[in-house]
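Each residue takes its place number in the sequence, starting with 1.
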Amino acid sequence: PARWNRQVKLGDHYSLFADEPRAIWHFAGKLKPWHFLRRPARGLLRQWQRARDAVAWTPTVVPTVKAHPSFAKDCLKQVRSWIKSRS
């Protein structure tokens with residue numbers, strides 16, 4: 001079901017927080033998580049970067065895309081995601 005198999009398209013204003021923590025998230029489109037600079041990545045981008053660090057994977061692509069997420073919107077999205085994942 002789509003609930004467990006999510007697809008998202010990345011852009012420079014991208015920000016998404018996992019509302020279903022056990023879902024598989026597919027990054028569709030040309031931009032992938034490894035194209036983004038570490039700062040100010042939040043949400044799934046930051047989660048992906050932490051997972052990459054945990055396995056000591058070194059990307060062969062130099063990150064050049066800077067995310068421009070809205071801090072206020074991200075706070076609301078994160079709270080909404082946290083509430084939904086707890087229910």
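For the atom pair CH2 of Trp48 and CG of Asp53, the computed distance is 8.5 Å after rounding to the nearest 0.5 Å. Atom CH2 of residue Trp57 and atom CZ of residue Arg52 lie 7.0 Å apart, to the nearest 0.5 angstrom.
Judged by distance alone, the side chain of Lys32 and the main-chain N or O of Phe27 form a donor-acceptor pair under 3.5 Å.
Note: the hydrophobic cluster containing Val55 also contains Leu44 (ILVMFWY, side chain heavy atoms under 4.5 Å, direct or indirect links). In terms of hydrophobic clustering, with Ile, Leu, Val, Met, Phe, Trp and Tyr side chains grouped at heavy-atom distances under 4.5 Å, Val65 and Val61 are assigned to a common cluster. By the criterion of side-chain heavy atoms lying less than 4.5 angstrom apart, applied directly or through intervening Ile, Leu, Val, Met, Phe, Trp or Tyr residues, Leu76 is not grouped with Val79; the two fall into different hydrophobic clusters.
Residues Gln49 and Arg46 have side chains that bring a donor and an acceptor to within less than 3.5 angstrom of each other.
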Could you walk me through whether Leu31 and Phe36 pass the side chain to side chain contact (heavy atoms under 4.5 Å, CB included) test, one step at a time?
CA-CA 8 Å; Leu31 283 178; Phe36 285 83; 4.1 Å; yes

